[in-house]
Amino acid sequence: MTALLDVRDLTVAFETPRGRTEVVRDVSFELAPGASLGIVGESGSGKSMTSLAVMDLLPPGATRRGSIRLAGTELTTLPPREMRKVRGARVAMIFQDPLSCLNPYYTVGLQISEAYRAHRPRATRREARRAAVEAMERVHIPHAAERVDHYPHQFSGGMRQRVMIAMALSGEPELLIADEPTTALDVTVQKQILDLIAEIRRDTGAGLVMITHDLAVVSEIADDVLVMQHGDVVEQGGAEQVFSRPRHPYTRRLLEAVPRIDDPLVGPGGAR
Amino acid sequence: MRATGLVKEFGGGGLRRRRPFRAVDDVSFAIPRGQTLALVGESGSGKSTTARMAAHLVEPTAGRIELEGEDVTRLRAEALARFRSRVQVVFQDPFSSLNPRHSVEQIVTAPLRYQGRRVPGGERAFTRALMERVGLDPDHSRRLPRQFSGGQAQRIGIARALAVDPSVVICDEAVSALDVSVQAQVIELLVRLQAEQQLSYLFIAHDLAVVRQIAQQVAVMSQGRVVESGPREQVFDAPQHEYTRALLGAVPRIPAEWDAARRAMVEQQTVQEEMA
Amino acid sequence: MALSSGVDLEPSARAGHRDPAPAGGPGRRAVLRVLRSDIAVVLSAGYIALVLLAAVAAPLLVQVSGWGPYDFDQAAIDPNLGGLPVGWGGGISAEHWFGVEPGSGRDIFARIVYGARVSMTVALAATALTTVIAVVMGLLAGYHGGVVDLVISRVMDFLMAFPALIFMIAVLSALPAENRQLLLVVVIAVFGWPYLARVVRSQTISLTQREFVEAARASGAGGWTIVFREVLPNLRSTLVVMTTLAVPGYIGTEAGLSFLGVGVIPPTPSWGQMIASSVSWYAVDPAYFLIPSVCLFLLVLSFTVLGDRLRTITDSGELR
Amino acid sequence: MLRYMGVRLLGMVVVLFLVSLFTFVIFFVLSPDPAVQICGKNCTPERIDQIRGTLGLDQPFWTQFGQFLSGVVAGRTYADGQVCPAPCLGYSFQNSLPVWDMLVDRLPVSATVAVGAAVLWLLAGVAGGLLSALKEGTWWDRGAMVLALGGISVPNYVLALVLQYVLVVQLQVLPFPQAVDFADGPGQWFANYLMPWVVLSFLYASLYARLTRANVIDTLGENYVRTARAKGLPGWLVIRRHALRPALTPVATIFAMDFAGLLGGALITETVFGLNGIGKLAADSITQNDQPVIMAVTLLAAFFVIVGNIVVDLLYGWLDPRVRTAR
Amino acid sequence: GGGGGGGGAGTGAGAGATSLTDEPAQGGTVSVLLNADFSYLDPQRGFDGGVNNFYRLVYRTLTTAAPGNAEDPSAMVPDLATDLGTVSEDGLTWTFTLKEGVAFDDGTPITSADVRHGISRAWDPALGIGSPYAKQVIDAPEDYEGPYRSGELETIETPDDQTIVFHLKEPFPDFPAVLGQPNTVPFPVGTGEGEEFLTDIIASGPYDLAEYQPGQSLSLVRNEAWDQSTDEVRTAKPDAWEFTFGLDGATIDERLLAGQGADVNAIGGAVQSATVARLQTPQVQQRVFEPQGVCTTYMGLNTTKEPLGDVRVRQAINLAIDKTAVQNASGGTQLATVATTILPPSIAGHVDYDLYPRDVEKARALLEEAGVGDGFELVLDIRSQPKMQAQAEAVQQSLAEVGIDVSLNVIDTSTYYETIGTTTQQNDAAITGWCPDWASSASTFIPPLFYGPNIVEKGNSNLAQIDDPEINAAIEEAQLITDRAEANQAWGELDQLVMSKAPVVPLLVETGLTVVGENVTGLHASPGAATGGIDYVLVGLRDPEAG
Ligand SMILES: Nc1ncnc2c1ncn2[C@@H]1O[C@H](COP(=O)(O)OP(=O)(O)OP(=O)(O)O)[C@@H](O)[C@H]1O
Ligand SMILES: Nc1ncnc2c1ncn2[C@@H]1O[C@H](COP(=O)(O)OP(=O)(O)OP(=O)(O)O)[C@@H](O)[C@H]1O
Ligand SMILES: [Mg+2]
Ligand SMILES: [Mg+2]
């Protein structure tokens with residue numbers, strides 16, 4: 001069985017007036033169909049660039065090298081027109097900051113149905129709208145039929161993130177890439193969203209690449225873990241293995257630093 | 001520091017006679033000397049507003065604040081300056097809370113200058129000493145905030161708070177914006193300083209795991225009210241209020257057995273290294 | 001909590017592009033460094049410097065060239081051709097480097113350098129005055145908000161509702177002509193400050209919401225201290241950019257008003273006045289028309305390029 | 001909404017009142033005696049007094065201002081029995097014609113100049129800016145931006161004369177601009193107005209090109225554009241729907257202001273080309289110290305600017321859902 | 001009188017070349033390109049060279065200035081009247097008879113009552129802002145306020161429809177010239193109140209108003225009621241006239257030079273200095289017309305200011321000013337001639353002389369003598385108008401040579417005359433010009449400028465504020481001379497007398513060189529009706545179909 005996503009030696013570099021800086025170096029990983037991968041690492045370690053490289057959505061000035069295969073298809077050499085058909089339909093992406101990722105000028109309904117119609121040229125406007133309402137219901141947005149005509153700013157942070165997910169789902173993708181989908185949210189809301197993603201994966205069997213800097217989140221959601229530092233993959237493996245037997249010192253330090261809610265309490269003020 | 005029945009209302013009045021919005025509703029707390037009180041709760045629950053009232057940055061609509069037994073709810077000029085030298089604030093975003101156009105030296109001596117006090121030992125020496133205390137390279141005293149990393153910048157903020165030798169430091173999400181490892185360093189610094197100087201902290205956070213590490217007392221806020229408060233153990237181990245339970249339940253956790261296994265491994269390795 | 005110290009995990013230390021610049025005003029040096037590497041900027045700055053130099057050294061230059069800005073040279077013009085300069089290019093010769101003015105034979109080089117004085121003085125003084133008013137008003141409105149903001153904002157609306165050019169001309173032509181230069185500066189500033197003040201105000205509002213203002217208050221700073229010690233320094237780059245962009249506007253305004261006949265009083269030359277008197281000659285004595293026009297165009301262009309580049313640099317983080 | 005409009009309209013009346021008061025003060029206090037001017041070459045003091053009486057110039061300041069205002073609203077009857085129906089802006093000192101008629105007479109020319117220039121600069125500026133943004137960094141982009149810089153720096157009277165010399169005097173491809181009617185033949189009309197349009201729109205086109213370019217580049221970097229791409233939308237749709245709308249909204253609002261400003265007359269362009277619009281009327285009346293006309297033109301121009309302001313607000317509310325739904 | 005100096009026609013030198021004085025053909029439309037609109041269509045209000053010339057196309061008066069092609073163009077000739085009137089023995093009563101067949105545009109015959117109605121409008125306080133002479137000369141009740149308030153003026157008698165009798169306050173030998181002023185145009189009894197004639201015309205001349213857009217354009221068409229046989233002044237060859245206003249001076253020149261399309265039928269005003277150089281090609285030369293200058297540009301020296309009260313200082317200034325520089329500043333030899341006398345050559349009575357040829361040494365000596373050898377400061381009032389500024393700069397520059405420091409006080413064009421005409425506001429000196437109201441004598445030239453009793457606080461035209469008994473007496477004497485030749489001689493002598501006291505510095509006579517479309521002909525200068533410019537009533541086209 002071929003891997004759903006197979007990334008080999010991916011390198012992303014920026015060409016700046018001061019020369020070339022590699023922000024992702026020789027990253028390789030594999031994701032089986034229906035499996036989930038967590039990418040962790042601190043801010044600036046190249047997590048987002050890796051995911052954007054997969055989508056071919058790197059910012060101007062960035063170049064990528066290496067191979068990215070989606071269910072056997074090589075994406076790096078795909079003509080733009082074909083790549084467009086991959087985006088949204090086969091691989092969908094959820095971004096971190098849902099407010100800035102939704103266009104403030106259009107209703108959420110339009111933005112969802114736009115995603116729906118992008119890959120169904122025959123779909124009528126009405127069908128797309130119905131699909132949008134359905135998608136919103138699927139992500140548990142109350143009164144979806146009404147709220148489909150609202151603008152992004154009229155939604156709360158958690159709701160917006162749901163809208164983003166609904167949008168990602170409307171193409172029925174095989175692979176979902178979530179780039180820090182809960183960083184901006186409260187713990188309680190974060191939990192709802194994570195539960196929602198889990199529920200959806202259960203329903204659709206889509207693969208998931210989850211990017212975050214919160215190791216605890218990864219430990220709850222991912223089958224495999226990829227730890228990045230300075231653009232390099234320093235450690236990868238099954239979640240249990242990485243968390244219980246970290247090999248790289250960096251991974252260890254990270255795990256050390258994560259505050260834990262269940263740790264035995266140390267004395268007041270920390271008697272260290 | 002002790003606060004009783006704090007209320008803050010926003011808006012309202014005016015021509016339209018809108019009903020005011022109660023951001024903080026009857027909040028009371030007490031911070032014993034040398035201890036930390038953590039204020040937790042979801043976004044918008046009124047934590048910052050409470051902190052700002054405690055720091056005398058907004059006037060409370062009602063309620064009373066005492067500092068070492070003295071009523072400090074309403075202060076004017078001189079008394080306010082004295083208050084400022086006893087209560088300081090560390091803000092959430094290190095970069096936004098440091099004036100990007102001022103050097104470290106200007107920033108950390110500002111409280112003294114603004115309060116019209118002499119800088120003991122001259123600006124340069126004073127700054128160097130402070131920077132050393134918070135673990136920054138004293139040679140960087142002429143740099144601007146943007147030449148520092150987030151963690152370093154937050155240390156500058158802490159240094160500024162310490163410049164006037166306060167007895168209470170209010171930390172409004174002082175570590176929330178930082179990466180885990182940096183966060184850990186800053187927390188360590190705060191704890192060390194507390195031990196050294198008998199500081200009291202009003203520590204605001206939404207991350208319960210962080211709170212658990214630093215606070216002796218915890219108050220949980222929701223929609224402007226304190227729904228539960230008490231010693232750390234009590235709140236975390238035996239939460240009474242529904243909301244506190246929901247909050248605790250939502251915290252993502254690394255499975256305990258993985259952690260245990262890792263610790264065991266690390267310990268083993270350390271032993272091995274020591275032996276070697 | 002066992003945190004291994006000595007590990008440098010600072011994110012931006014890794015990011016590589018925040019390598020510390022030398023202490024003491026790194027911002028300014030970085031700006032200068034970027035500017036120096038830009039050919040358009042170098043040329044613009046060079047031209048501005050040249051004009052400034054010419055303006056300052058006008059009396060000396062005129063000594064060298066041999067003709068003052070007011071000296072008539074009847075020999076250089078042809079009375080039978082409407083006073084057209086004798087010779088090629090509007091009378092360009094070793095004696096008159098830029099030719100002479102038709103009708104009077106006055107030396108254009110001398111008038112250009114003396115005209116630069118007026119143009120630069122008016123534009124720079126107007127900019128300075130505008131900036132001072134705008135900064136004070138903008139800071140007050142932005143920081144205090146409420147009634148102060150309301151009043152200042154309405155005054156700005158009111159001034160901006162005026163058809164400024166029409167009104168400037170009307171006022172200038174109605175007022176007595178003595179001390180025109182001062183009057184020009186005042187009138188330009190009165191109608192010009194709201195445009196800058198608006199920017200200052202909105203920046204102040206957004207700066208005031210930044211935590212460092214709150215931090216300053218927590219440190220014990222009062223209103224004025226915050227406004228002038230904390231907020232104002234942060235407006236520096238905005239002000240530098242805005243004023244650099246305002247200067248060409250005011251140079252143009254002075255020239256335009258002089259062109260419309262309400263500028264400086266004769267026989268004082270200004271570039272706008274020179275263009276105005278040359279327009280009717282453009283067909284027979286193109287040099288007379290082109291020399292001041294090109295000088296003015298280049299000056300405005302230079303300031304615009306400079307301001308533009310400054311803005312791009314300060315906006316886009318090219319500094320890093 | 002109605003309430004909001006009411007407040008805005010009231011604000012507009014207040015600003016207009018202040019503008020007229022200010023203008024009136026300036027000319028009342030600073031200006032020389034118009035009666036002497038009207039009196040002409042062979043004037044006697046008695047005649048001057050007579051003229052003053054007729055025009056009400058002997059009244060105290062506030063009375064005169066009051067008469068002026070009530071004239072605008074309700075019309076006015078002069079001391080010599082002459083009736084000036086509302087909106088009465090008085091009579092020109094220069095030729096005794098009703099100022100209102102003079103304005104109405106001139107407005108078509110100014111409007112033609114303004115509308116034509118606006119169309120031109122929108123086309124050239126927005127299209128040029130858009131192309132530049134999409135081809136950022138290419139020679140096309142650089143060329144367009146250099147041209148735009150030039151457009152901002154060249155005084156329009158210089159441009160006007162150069163164009164006239166080249167196109168009319170030397171090449172003779174265009175006539176000397178005259179305010180011909182559209183009815184006199186569209187071709188004629190177009191040829192006559194073309195140069196004023198170009199001259200007037202050059203600066204604006206340059207500014208708009210730069211603005212559009214910067215805005216489009218900014219929006220193309222917005223996260224929501226990336227989202228749109230991530231959905232798999234075709235490139236043109238991403239640009240048209242997700243980049244252009246947000247990028248052009250500020251342009252549209254600025255346009256409303258600029259256009260309103262021009263309706264009050266393009267002073268220099270009209271003067272240079274001798275087109276009898278409001279701007280030229282302003283220039284002429286200033287040289288003739290024709291106070292009622294200056295007053296009226298100032299008010300008219302202020303009126304357009306203020307209306308433009310309101311239109312901008314409405315437009316903004318209409319174009320930007322964040323503002324629209326907030327109200 | 002020495003009227004016809006200066007030559008009326010253009011060059012027409014080339015062999016077989018057409019002349020600008022060729023007789024025009026019948027028909028076509030003449031177009032006139034102008035900088036500014038006419039002041040008023042109502043001849044009772046308008047009173048300046050430009051509009052007076054225009055009035056003759058649409059209005060007729062009892063008498064009028066001779067057409068430009070007349071033997072003596074500065075003379076007066078009868079127009080609606082059969083002759084120049086009969087004066088009574090005491091010089092106080094003038095009787096005129098109307099021609100037969102003259103009519104208004106609707107065909108109604110013009111009667112003596114209509115003439116009286118037109119003239120009596122001058123007394124209306126709101127209307128009578130034009131020519132002042134009728135009111136000054138014709139006897140009227142003290143409280144008379146025009147026909148609309150006080151009824152028709154009874155002191156003008158109309159014994160029958162053809163006869164009209166005027167009674168004067170005092171004898172006025174130039175009275176026929178007064179009746180040639182535009183404010184004596186007849187109007188049907190009962191018309192013309194208030195604003196009526198601001199945008200409308202009741203024509204008595206060969207043309208009638210077709211369309212008028214104030215400040216923009218005006219067109220005339222034939223007045224069918226006008227009968228050529230009653231009119232010896234106007235040839236009225238074109239069928240229509242098209243006036244365009246608001247054009248920039250340079251643009252007018254460009255259009256006339258280019259002569260594209262309808263511009264072959266166009267005429268304009270004096271060219272800009274910058275255009276002179278472009279008139280030199282032979283093709284253009286043929287189209288250049290040189291009218292006569294009838295206005296003197298001079299600098300008044302305010303004799304009430306020190307040290308200008310001293311005649312030696314004034315003489316020194318006269319000697320020191322480089323008039324050639326002033327001439328060059330005004331466009332050189334083609335656009336202006338240096339003036340050494342007060343009266344320009346085309347005015348009856350002019351005598352050539354020069355009391356003050358430039359002599360800087362002598363000027364210095366005089367100043368020394370007057371005790372101001374170290375120089376002094378002098379404020380010169382000028383208009384904010386480019387040409388006058390250039391002239392002033394030339395004056396400033398040449399006076400600097402004798403140590404006089406001139407500072408220019410630029411006054412807005414609109415308020416210039418008011419300022420310098422107010423004795424309290426007037427500074428040391430002012431540059432201005434003076435044109436006669438009729439060319440047939442200097443009686444409207446020298447008295448307004450130099451007659452002491454004429455000094456008024458406001459609206460003063462005696463800028464020197466000279467009140468010299470000798471001059472005053474000579475003026476009073478000259479005004480009463482009825483014989484024209486004798487009077488002209490007296491004015492000529494007065495000119496020299498005045499200049500010996502140097503109250504003014506005559507600077508220039510500007511000639512108003514102009515270029516016309518190639519199809520335009522019938523060009524004659526008219527010192528009387530058009531301040532020396534092209535006399536409209538004779539202009540026409542060579543080929544009515546062209547353009
Ligand atoms: N446009 C750009 N030009 C140059 N460098 C860039 C650009 N965008 C990103 N980078 C750099 O690329 C590196 C990787 O960025 P990336 O966004 O992938 O980090 P990340 O791991 O997603 O961080 P975060 O957790 O903050 O989202 C960073 O060091 C960043 O500074
Ligand atoms: N100046 C103000 N005017 C009006 N409302 C305000 C103001 N400041 C705060 N609020 C409101 O008061 C409530 C409490 O705000 P506060 O900042 O104290 O919350 P918080 O618990 O600190 O939230 P967060 O975790 O997001 O910082 C919020 O609903 C906020 O919108
Ligand atoms: Mg990222
Ligand atoms: Mg907060």
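Chain A is the first sequence line, chain B the second, and so forth, proteins listed ahead of strands; every chain is numbered from 1. Both backbone and side-chain heavy atoms feed into the values below; hydrogens, waters and symmetry mates do not.
- For C/Ser280, the parts sitting under 4.5 Å from any heavy atom of chain E are the backbone and the side chain alike.
- Between E/Asn328 atom CG and C/Asn80 atom CG the span is 9.0 Å, to the nearest 0.5 Å.
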Show, in sequence, the C-alpha distance, side-chain angles and deciding distance for E/Gln397 and C/Arg106, and conclude whether the side-chain contact (heavy atoms from CB on, under 4.5 Å) test is met. CA-CA 11 Å; E/Gln397 201 59 28; C/Arg106 288 186 293 202; over 6 Å; no
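- When every heavy atom of C/Gly82 is checked against every heavy atom of E/Val276, the shortest pair comes out as N-CG1, 3.4 Å.
- Between chain C and the residues E/Thr333, E/Leu335, E/Thr251, E/Thr324, the most heavy-atom pairs under 4.5 angstrom are made by E/Thr333.
- Within a 6.0 Å radius of CD in E/Glu457, other residues, nucleotides and ligands contribute 12 heavy atoms or fewer.
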I would like to know whether E/Ser273 and C/Trp281 meet side-chain contact (heavy atoms from CB on, under 4.5 Å); could you show each step before the answer? CA-CA 8 Å; E/Ser273 327; C/Trp281 294 87; 3.7 Å; yes
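- Contacts of residues 399-408 of chain E with chain C at a heavy-atom distance below 4.5 Å involve E/Leu408, listed in sequence order.
- Only the side chain of E/Gln396 comes within less than 4.5 Å of a heavy atom in chain C; its backbone stays farther off.
- Heavy-atom distances place the side chain of E/Glu254, and not its backbone, under 4.5 Å from chain C.
- Counting heavy-atom pairs under 4.5 Å between each of C/Pro102, C/Gly83, C/Gly105, C/Gly103 and chain E puts C/Gly103 at the top.
- Interface remark: of the candidates E/Ala336, E/Ala329, E/Ala250, E/Ala329 forms the most heavy-atom pairs closer than 4.5 Å to chain C.
- Annotation: the span from C/Gln273 atom CD to E/Gln389 atom CD amounts to 8.0 Å, rounded to 0.5 Å.
- Of the two parts of C/Tyr288, neither the backbone nor the side chain holds a non-hydrogen atom closer than 4.5 Å to a non-hydrogen atom of chain E.
- In the displayed structure, E/Lys305 atom NZ is contacted under 6.0 Å by more than 12 heavy atoms of other residues, nucleotides or ligands.
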Distance-only check: which donor-acceptor pairs under 3.5 Å involve side-chain atoms of residues 110-118 of chain C, not counting sequence neighbours?
residue  : atom : partner  : partner atom : Å
C/Arg111 : NH1  : C/Pro69  : O            : 2.9
C/Arg111 : NH1  : C/Pro267 : O            : 3.4
C/Arg111 : NH2  : C/Pro267 : O            : 3.2
C/Arg117 : NE   : C/Ala55  : O            : 2.7
C/Arg117 : NH2  : C/Val56  : O            : 3.4

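- Comparing E/Gly332, E/Ala274, E/Gly249 by how many heavy-atom pairs each has under 4.5 Å with chain C, the most go to E/Ala274.
- Atom CD in E/Glu393 sits 8.5 Å away from atom OG1 in C/Thr268 (nearest 0.5 Å).
- Residue contact with chain E, scored on non-hydrogen atoms closer than 4.5 Å, involves the backbone and the side chain of C/Asp71 alike.
- With rounding to the nearest 0.5 angstrom, the CG atom of C/Leu84 is 11.0 Å from the CZ atom of E/Arg278.
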